[in-house]
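The shown structure was predicted, so the numbers you read here are calculated from the model rather than taken from an experiment. Each chain gets a letter, A, B and so on, in the order its sequence line appears, and its residues count up from 1.
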Amino acid sequence: MADKILEVKNLKKYFKTPKGMLHAVDGVNFSIERGKTLGVVGESGCGKSTTGRVVLRLLEATDGDIIFEGKNIRMFDKRQLRQLRREMQIIFQDPFASLNPRMTVSEIIAEPLIIHGLTKNKKELDKRVSELMEIVGLADRLVNAYPHELDGGRRQRIGIARTLSLNPKFIVCDEPVSALDVSIQAQVLNLMQDLQEELGLTYMFITHDLSVVKHFSDEIAVMYLGQLVEKAPASELFKNPVHPYTKALLSAIPVPSLKNKKERIILKGEITSPINPEPGCRFAKRCPHADKCTNANSQPVLENIGNEHYVACHMVNKLM
Amino acid sequence: MSKKELLKIEDLSIYYITEDGTVKAVNGIDIKLNKGETLGLVGETGAGKTTTALGIMRLIPNPPGKIMSGKIEFEGKDLLNIPEEEMRMIRGNKISMIFQDPMTSLNPVMTVGEQIAEVIEIHQDLNKQEAMKKAEEMLELVGIPAARVNDYPHQFSGGMKQRVVIAISLACNPQLLIADEPTTALDVTIQAQVLDLMNNLKEEFNTAMILITHDLGVVSEVCDKVAIMYAGEIVEAASLKQLFENPRHPYTLGLFGSIPNLDEEVDRLKPITGLMPDPTNLPTGCKFHPRCPYGTDICAKQEPKAIEIEDGHKVKCLIYEGLVDAEVKR
Amino acid sequence: MTSNVAKGTMTVEKKKNKKRSQWAEVWRRLKKNKMAMLGLAILTILVLTAIFADFIADYDNVVIKQDLVNKLQGPSAEHPFGTDEFGRDIFARMIHGARVSLRVGILAVGISIIIGGTLGAIAGYYGGKLDNVIMRVMDIFLAIPSILLAIAIVSALGPSLMNLMIAIGISSVPSYARIVRSSVLSIRDQEFIEAAKAIGANDLRIILKHIIPNALAPVIVQGTLGVAGAILSTAGLSFIGLGIQPPAPEWGAMLATGRPYLRYAWHVTTFPGLAIMITILALNLVGDGLRDALDPRLKQ
């Protein structure tokens, strides 16, 4: 039995909207092994970011269990939650919006240390801040710079330093490189990989970029309208995608190469509304195999098809 | 496909003169585009891609922007030397542009039909009814039922809005379509739909296109020719096949190394070190030399010229002038 | 989208290890605005005059001491702005009047920013029922013309400098509450607030360290313009006798007492009137300049 740092069971998050209940996350199950990376992919509105926030209790779950290091953190009170913040952290997508424009680099990195009283005096605080800056590759002379003076890549490094200041074990990375240029994106991804190796971090890596997720993750979960449709080790998923949505998603990636151009599967229509979804398979309306599916009115569940590969589709036996 | 030259840009330079200094956004670029061809203009933030596009449209905000030098010949006419009135008749008619964000490029208080009809009325001698009828045809063409002609933009999803934008830009059957990151704001499956649509329409209308993007994957799906921009210069220009099979500029190679490859497993990506240069204070000599793995002393002094290393494949790097001894490889 | 290219690359790395806050940036932009600098210069002179009023003119012996022999004299070398109906030097009274006007203006605005800002911040941050209750009460206040409200408050509390400030301050609380609420609403949903929650910051810290510093800009602009409004209201209330009581000098009150002599002693009303006008003009120039300097969209 592997050492699971996080286990999520039947997680649900509904939002009340004027039009009805929005099922952002609807019965999601997964677990992450210590020191590994789970990639969560899906298109906008599929509930991947909400899942990340619910796991961290930045949003309160509607139902389900979140087991972190053996404890159900959904039951945690305010004081326990504050302690938990030191263990579980988040890196945000937008390095422009996630830093307070009125605070300097050192103030931003020092804030978590001050809140949790992790350093005894100013001298120790300054030392820790410059340590963190060195770890993420920020030059010392930038301590008093403001975020608006820096480029996207550096800002994201500040965000990473702030996240690391509390020595977390588990980090939710919510599209950490989507807002960056490709050459900078590669720098930040490499930094995050180095940190994972050195500090033994566990990542939940949320992204819409399938090439990045394949490069970065050990295991990948594909989300569609609040539910997991497929979950498998990264290379297995790319080699042998089974769910029709995963197949379409993978075929839609524009590959920067002229060789082995795959036949694209162009899905009809767009993601349907997650507000008061009808029971049954949520992908049925866009599914190229829907006419052959006899069971579209009942909801498919994730089934293991071997090699730690899970698929939620009624047609799974015919598609393999 | 006729091999007639449609657009010829020579030595175009565009600066933004601000209180913080002069931003040299575009520095002497040359572009040639034939009828029906698609050129991918690739680069990172601040490379000067959008400024180039706005320059062709003569929409550079002035002040602070200023076209310093160069020629933009479109159908044999220098666009920089015609009166604004004449330019207005070209804009949206012979040259049209698609912007990145479909959410903000549509007017929220007009129906999509009215917005398509508007551009038709301006440039074609049609009355309102005829224009609306044409608008319905355009909607069908981009895969939206004509019945939705009286709907407002907020009733459409992102991908559908971008289709409407495409319908507007193609309504007057332009000779040249400039698309500025047309699919960046869209999800992959929707991006695939839109790229597919653009490919079909391009063939149907024989429209030439300049596709501005940072995504080499998108380029490989749509373009015939590619120009890689860095710090306001085109550092490498080639046919699609030449660029993808035989990239020669160290920056182009850096871009390829930065993208995770789906077919190969690598432990670490090979990013380009350093940052984009400050456009108010560009490096001397070759603008890429501070980040270049092959950079030598001479690179800081001498500005490279564009060297044609094979038919139609130009590279701006001193290695190909024989001044730097290095072998560029992936 | 005008010049993404230019903006995107404007993130110039500062080579010096020195704090250059956004406020320094604002000051740099403000300095370029000539009209705003003119306004600021006038204000500086006014403030200095108010502070050193006692050195320029003695209060007991010059400002309030009557000298009926010399009443209603025109401008001369001895009395540059002439004398009023009790023979007091108008120049000296105006200098001490600046003290009253500026004090009322600044303190009244201070009161309304503190009360209105707090209410607006609470309403914006917590939202829901609390927001509804606070903002409906503010709406009721807004429905009453502010000068009438101020008159009612002064009439109830009795005319005095302090009551005047309270009256004017309270009557403009709703506008500050609205401004602060709307900027808090837009800041509340930004990612850096969520980031602060993620590192375990409590509500008080989030409001004080993250929201208020970012919500200040519009309040500063409104506040500068508000001081002008408060000075005008003070003058108005004094003019109708509810403000500063004689013999204390106040520009509005001076205007009121000079009214009967308008035909043959123009200087009694003209100079205080000009002072009010110039002060308000200066404040408005500075306010407009600040608004432009604080607006990042006008950065280029």
Would you indicate whether the side-chain heavy atoms of B:Met276 and A:Asp151 approach each other to under 4.5 Å? no

Quick one: does B:Leu275's side chain get under 4.5 Å of A:Arg154's, heavy atoms only? yes

Please list, chain by chain and in numerical order, all residues satisfying side-chain hydrogen bond (donor to acceptor under 3.5 Å, both in side chains) with A:Glu43, sequence neighbours excluded. A:Tyr245, B:Thr189

CD (A:Glu278) with more than 12 external heavy atoms under 6.0 Å: no

So, applying side-chain contact (heavy atoms from CB on, under 4.5 Å) with B:Thr45, which one of A:Asp181, A:Val182, A:Ile184 is it? A:Asp181

Without swapping roles, check the side chain of B:Gln191 against the backbone of A:Ala252 for a donor-acceptor pair under 3.5 Å. no

Taking everything shown except B:Glu310 itself, do over 12 heavy atoms lie less than 6.0 Å from its CD? yes

Report the distance from atom OG of A:Ser183 to atom CG of B:Leu255, rounding to the nearest 0.5 Å. 7.0 Å

Residue pair B:Ser220 / A:Pro256: nearest heavy atoms and the distance that separates them: OG-CA, 4.2 Å

Give, as side chain, backbone, both or neither, the part of A:Asp209 having an atom under 4.5 angstrom from any heavy atom of chain B. neither

Is the closest side-chain heavy-atom distance between B:Pro271 and A:Asn190 below 4.5 Å? yes

With a 6.0 Å cut-off (strictly less than), is the heavy-atom count around NZ of A:Lys214, excluding the residue itself, greater than 12? yes

Sequence-distant partners of A:Asp174, side-chain hydrogen bond (donor to acceptor under 3.5 Å, both in side chains), two or more places apart: A:Ser49, A:Arg53

Can you tell me which portion of A:Leu210 sits under 4.5 Å from chain B's heavy atoms? Options are side chain, backbone, both or neither. both

Between B:Asp187 and A:Ser44 (side chain of the first, backbone of the second, donor and acceptor by atom type, cut-off under 3.5 Å), is there such a pair? yes

Applying side-chain contact (heavy atoms from CB on, under 4.5 Å) to A:His215 and B:Leu269, what does each step give before you reach the verdict? CA-CA 9 Å; A:His215 169 73; B:Leu269 298 168; 3.5 Å; yes

For the side chain of B:Gln193 and the backbone of A:Leu267, is there at least one donor-acceptor N/O pair under 3.5 Å apart? yes

From OG1 (B:Thr273) to CD (A:Gln187), nearest 0.5 Å: 7.0 Å

Side chain, backbone, both or neither: which part of B:Val218 has an atom under 4.5 Å from a heavy atom of chain A? both

Side chain, backbone, both or neither: which part of B:Ile272 has a non-hydrogen atom closer than 4.5 Å to chain A? both

Atom group of A:Ile266 that falls short of 4.5 Å from chain B, counting heavy atoms: side chain

Report the C-alpha distance between B:Val188 and A:His208 in whole Å, list the side-chain angles of each, state the deciding distance to 0.1 Å, and finish with yes or no for side-chain contact (heavy atoms from CB on, under 4.5 Å). CA-CA 8 Å; B:Val188 264; A:His208 68 276; 5.8 Å; no

Please report the shortest heavy-atom distance between B:Pro260 and A:Val212, naming the atom on each side. CG-CA, 3.9 Å

Turns out that what part of B:Leu186 lies under 4.5 Å from chain A's heavy atoms comes down to neither

Kindly check if the number of other-residue, nucleotide or ligand heavy atoms within 6.0 Å of CG (A:Asp291) is above 12? yes

Spacing of CG belonging to A:Leu180 relative to OG belonging to B:Ser258, to within rounding of 0.5 Å: 12.0 Å

If I measure from the heavy atoms of chain B, does A:Leu189 come under 4.5 Å with its side chain, its backbone, both, or neither? side chain

Nearest heavy-atom pair of B:Arg268 and A:Asp194: which atoms, and what distance? NH2-OD1, 2.8 Å

If you count the non-hydrogen atoms of other residues, nucleotides and ligands that lie under 6.0 Å from NZ in B:Lys225, is the total more than 12? yes

